2 protein chains.
Amino acid sequence: MPRSGAKTRDTIIVAANTLFYRFGIKATSLDAIAERAGVTKRTVYYHFRSKDDLIAEYLATRDQPNLEAFQAWFEQARGTLPERVRAIFDGVAETIGHARWRGCGFQRTVGELANKPGHPAFKVASAHKKRVESWLAYEFQQRGVPHPEDIACQVTLLLEGAFAAMLMHRDRRYVTQAGNAAACIVGHSLSGRSR
Amino acid sequence: MPRSGAKTRDTIIVAANTLFYRFGIKATSLDAIAERAGVTKRTVYYHFRSKDDLIAEYLATRDQPNLEAFQAWFEQARGTLPERVRAIFDGVAETIGHARWRGCGFQRTVGELANKPGHPAFKVASAHKKRVESWLAYEFQQRGVPHPEDIACQVTLLLEGAFAAMLMHRDRRYVTQAGNAAACIVGHSLSGRSR
DNA sequence: GTAGGTATACCGTACAGTGAGTGTACAAAG
DNA sequence: CTTTGTACACTCACTGTACGGTATACCTAC
């Protein structure tokens, strides 16, 4: 009996989300996703043209929540601008404590698909990171940071570095250091009034 | 006719290096490696216990050359310490220009194996990154940088970020920005005489 | 020095499992 | 009665790993 369409589709995406993130793209089969979603592989292929399609969808679902998490950490923080930037890294450090944390899904997906630069997932991942960067640039510009785009870019670079280093070393101090560096850069740009 | 043993082994590693780096771990089969090395799969299994073994060896071969490249860029650079640190990023930016560049092999491998923290490749990757970090810390300490370990850590974080961002956006400006940030941090630590 | 044995290095083949993707049938909804 | 959504059963190529066999190199006893 056909369920309400969109519901099945969402169930599949949720299953894909879990498995792709936990085990990686290549290591996750559509069989496994279908089983976890409680549907047949044929149904998966009804809702998605191909595995590549599903990969892109998987990343797309992570875009908004990720960005909102960053924004929440920043907005809820008190203190000077560098301190509030550091709060983003503190927030990241917390999520990393989760047993199921496996690095940045965007980074890992792009890493696996490195040989397929035209893959749809690439665009989704790149767009997500640029959204984060733009948001930061906007916040910095609002607060009179000179060269806000440059500083935002540098902060996102530290975020990327923190994700990568954390996955590699499983040592939370790397996030702390990244937060320190970001705070340093933002603070320096504010006091210097010119990069 | 048995060849000189070590030579065959090296041939296999070279083939694995190329394919693992280009296509990723999961996407590269032992068949493909054996074929490229001009041997049979049986021979691969004679020299390596398993694919996981070969993965670790693949990363191990990238350790020394990578470190030496960083050192060369730093040593050959002229100018102030921040400028010489920036030279490392300039060096990275150049390699990225290569058509075959596919990000940091360590980062991508660890990303694929994120669900297997006990994998031997993890140790190799982590050790490599720590070697780079230690070397930087040593250079900084020699030049009177306060908290050299902290600054070295932050610079390596920017390196990681540069690799990740470059792979995602294919835009060399990210490396430049990372270099700017690193130079800023090093310069700031030198002038401030305390982080 | 040479017969016979042992270790080394390599190949061909087999196998059991899994991967993405498809053809077709069938039930519900409109 | 046509469209939509789901299931079952299937193909076919590929993948990691194991087994058995073979040719050369090396070593030791006589």
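Proteins come first, then strands; the chains are lettered A, B, ... in the order of their sequence lines, and each starts at number 1. What you are looking at is a predicted structure, and each value in this text was computed from that prediction instead of being measured. Any value given below was found using the heavy atoms of this structure, including those in side chains, with hydrogens, waters and symmetry copies removed.
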Report the distance from atom NZ of A:K7 to atom P of C:dA28, rounded to the nearest whole Å.
-> 17 Å

Can you find a side chain N or O atom of B:T40 that sits less than 4.0 Å from OP1 or OP2 on C:dC11?
-> yes

So, is A:H47 close to the D:dT4 phosphate, meaning a side-chain N or O under 4.0 Å from OP1 or OP2?
-> no

Whole angstrom is fine here: how far is it from CZ in B:F23 over to P in D:dC14?
-> 14 Å

When you measure from the centre of the six-membered ring of A:Y46, is the NZ or CZ of A:R9 under 6.0 Å away and within 45° of the axis?
-> no

Would you indicate, yes or no, if D:dT6 has its OP1 or OP2 atom less than 4.0 angstrom from a side-chain nitrogen or oxygen of A:T8?
-> yes

d(CZ, A:R42; P, C:dA20) in whole Å = 15 Å

Could you give the CD-to-P distance, from B:E35 to D:dC14, as a whole number of Å?
-> 11 Å

With distance as the sole criterion, do the side chain of B:K41 and the base of D:dT17 form a donor-acceptor contact below 3.5 Å?
-> yes

Within this structure, what is the CG-to-P distance between B:L30 and C:dG12, rounded to whole angstrom?
-> 17 Å

Whole Å only: how far is the CG atom of A:D10 from the P atom of D:dG5?
-> 13 Å

A:F74 vs A:W135, ring pair (Phe, Tyr, Trp, His ring centres under 6.0 Å): CA-CA, chis, key distance, verdict = CA-CA 11 Å; A:F74 178 79; A:W135 161 67; 5.6 Å; yes

Between C:dA20 (P) and A:Y46 (OH): distance, integer Å | 22 Å

B:T43 side chain near C:dC11 phosphate (N/O to OP1/OP2, under 4.0 Å) | yes

Salt bridge between B:E75 and B:R84, side-chain N to carboxylate O under 4.0 Å?
-> no

Using distance alone, with no hydrogens and no angle criterion, decide if B:T43 and B:T40 have a side-chain donor and acceptor under 3.5 Å apart.
-> yes

Is it true that A:R108 and A:E112 have a side-chain N and a carboxylate O under 4.0 angstrom from each other?
-> no

Taking only N and O in the side chain of A:Y45, is any of them less than 4.0 Å away from OP1 or OP2 of C:dG21?
-> yes

Can you tell me the distance, in whole Å, between the CD1 atom of B:I25 and the P atom of D:dG16?
-> 11 Å

